[in-house]
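Chain letters run A, B, ... following the sequence lines, proteins first, then strands; residues in each count from 1.
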There are 2 protein chains.
Amino acid sequence: MTTPEPADALLNHIRKFIALSDDEATFLLDHVQFKTLRNKDFLLKAGDVCHENFFIVQGCVRMYMHIDNGTEQIIQFAIDNWWMTDYMSFDHQKPAQFNIQAVEPTQVVVFSRSAQDVVFEKIPRLERYFRIILQRAYSASLMRIHFIYNQTGEARYQQFTRLFPDFVQRVPQYMLASYLGFTPEFLSKIRAKKG
Amino acid sequence: MTTPEPADALLNHIRKFIALSDDEATFLLDHVQFKTLRNKDFLLKAGDVCHENFFIVQGCVRMYMHIDNGTEQIIQFAIDNWWMTDYMSFDHQKPAQFNIQAVEPTQVVVFSRSAQDVVFEKIPRLERYFRIILQRAYSASLMRIHFIYNQTGEARYQQFTRLFPDFVQRVPQYMLASYLGFTPEFLSKIRAKKG
DNA sequence: TTTCGTTCTTGAACTAGATTAAGTTTTTTC
DNA sequence: GAAAAAACTTAATCTAGTTCAAGAACGAAA
């Protein structure tokens, strides 16, 4: 099985939600760029204004923040077919709070704020696509808050490994711990228990 | 100062984000209902399919879930000028996980799923409005996850009272505790410290 | 193969917050 | 305005998860 063309990955995903004529697809593709990232390459650094939205064709990126004690807090991962950006910065064109960085070799589609304005003007239906995407992302993040509040760290880890067994292999454990909201030491302890 | 007409409250809010002609406004208003809730009235009960999105004109509602031990987990509050629904249920037309209930006398605009389909068809620009709203709700909920992970319960309470001093008065403390992710007993302790 | 940096593990001491169980105050209802 | 219900407080005990500190394993580079 071959890796899909980045352009096809994007169009296929959009067409799961809205109809898009060939002309519209061409217009859209004329307004995006394709980019290949190595591990640890940055898409956004905290403090910079975020001018782009990113669609992950293949690979994995993380959104994170530096906190007080010199450590990092991972807010989110994005894998194949997810959009990721710092919407706060993207929307208001103010300095970003978050970093966005590849955690493995990753292919992305880059959709700039200015391109978005042009494309939405020409293809208003595309707003619908993003509305639906955001609706899902939003409700997923509310469910995540629910789980954070009502499950122990251990239960969250078990659930995560059950839902994304392959993904757990792809990122270092300390990143997983940060994403799940506890320390790497505690994750080690959880794993030790069931070996 | 008089309470704004519900219809005006909705139109004013929409017009902060997109242009809306008088004809479009009329068309939209023909497809929504207005509803007045008493304290504890339900907009949605877990298990039912959610067919509506709600705009809070004035008042306050909470979204919550029953959990294992007979207690309740509050996921979200919505006050004036916020939309609230169970997007998971609304989107897929599956049974809702959440309850949505008034916590004080509240006026809402009811925008049904079927009306939404009709209205989006006629006024595609409105998708833009919801896209922007959702973008903000989503990024706010990511920030919330960040704070849950990186601040103590006490710090979250202090921050919340600083940001929404009037709101703290409006809801019972046990609801605030649940929203902030700790027990009512712990909230009592925090408050005792600084009296 | 050695070296260096990064990631992972283990254990002991500690703390934020939960739980349980009364008791008290406030609000609602008849 | 009494009774019942709902909301809040206090204190003792308990635990999930942190912090600190050291060492072990792994991987990349040279």
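Note that OG of S89(A) is 6.5 Å distant from CD of Q93(A), once rounded to the nearest 0.5 Å. Atom CZ of F120(B) is separated from atom NE2 of H31(B) by 12.5 Å, given to the nearest 0.5 angstrom. Considering OH of Y64(A) and CZ of F98(A), their distance stands at 12.5 Å, rounded to 0.5 Å. Residue Y179(B) holds its OH atom at 5.5 Å from CZ of F160(B), rounded to the nearest 0.5 Å. One distance of note links CD1 of I67(A) with CD of Q73(A); it measures 5.5 Å at 0.5 Å rounding. Remark: I75(B) CD1 to I145(A) CD1 distance equals 7.5 Å, nearest 0.5 Å.
Across the protein-nucleic acid pair, N150(B) atom CG and dA16(C) atom C1' stand 15 Å apart, rounded to whole Å. For Q151(A) and dA18(C), the CD to P distance is 16 Å, given to the nearest whole Å. Counting to the nearest Å, the P atom of dA5(D) and the NZ atom of K40(B) are 13 Å from each other. dA6(D) atom P lies 12 Å from atom CD of E72(B), rounded to whole Å. Separating the OH atom of Y149(B) from the C1' atom of dA16(C) is a distance of 17 Å, rounded to the nearest angstrom. The nearest whole Å value for the distance from the CD atom in E154(A) to the P atom in dT15(D) is 15 Å.
In this structure, E24(A) does not pair ionically with R125(A), as no charged nitrogen and carboxylate oxygen lie closer than 4.0 Å.
Using a 4.5 Å heavy-atom cutoff, the side chains of I79(A) and F167(A) are in contact. Looking only at side-chain heavy atoms (C-beta outward), F77(A) and C60(A) come within less than 4.5 Å of each other.
For the side-chain hydrogen bond (donor to acceptor under 3.5 Å, both in side chains) test with Q101(B), the passing option among R62(B), K40(B), E72(B), K45(B) is R62(B); the others fail.
At least one side-chain nitrogen or oxygen of T183(B) sits closer than 4.0 Å to the OP1 or OP2 atom of dA18(C).
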N/O to N/O distances under 3.5 Å, protein versus nucleotides 8-11 of chain D:
from   : atom 1 : to      : atom 2 : distance (Å)
dC8(D) : OP1    : Q173(B) : N      : 3.1
dC8(D) : OP2    : Q173(B) : N      : 3.0
dC8(D) : OP2    : Y174(B) : N      : 3.1
dT9(D) : OP2    : Q173(B) : OE1    : 3.1
dT9(D) : OP2    : S188(B) : OG     : 2.5
dT9(D) : O5'    : S188(B) : OG     : 3.1

Quick one: what's the B/S/- string for nucleotides 23-30 of chain C, heavy-atom cutoff under 4.0 Å, read 5' to 3'? --------
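For the helix from dT1(C)-dA30(D) to dC30(C)-dG1(D), the terminal axes (five pairs an end, C1' atoms, rotation from four pairs onto the next four) enclose an angle of 50°, given to 10 degrees.
For the pair R113(B) and F90(B), the cation sits on the ring face: its NZ or CZ lies under 6.0 Å from the ring centre, inside 45° of the axis.
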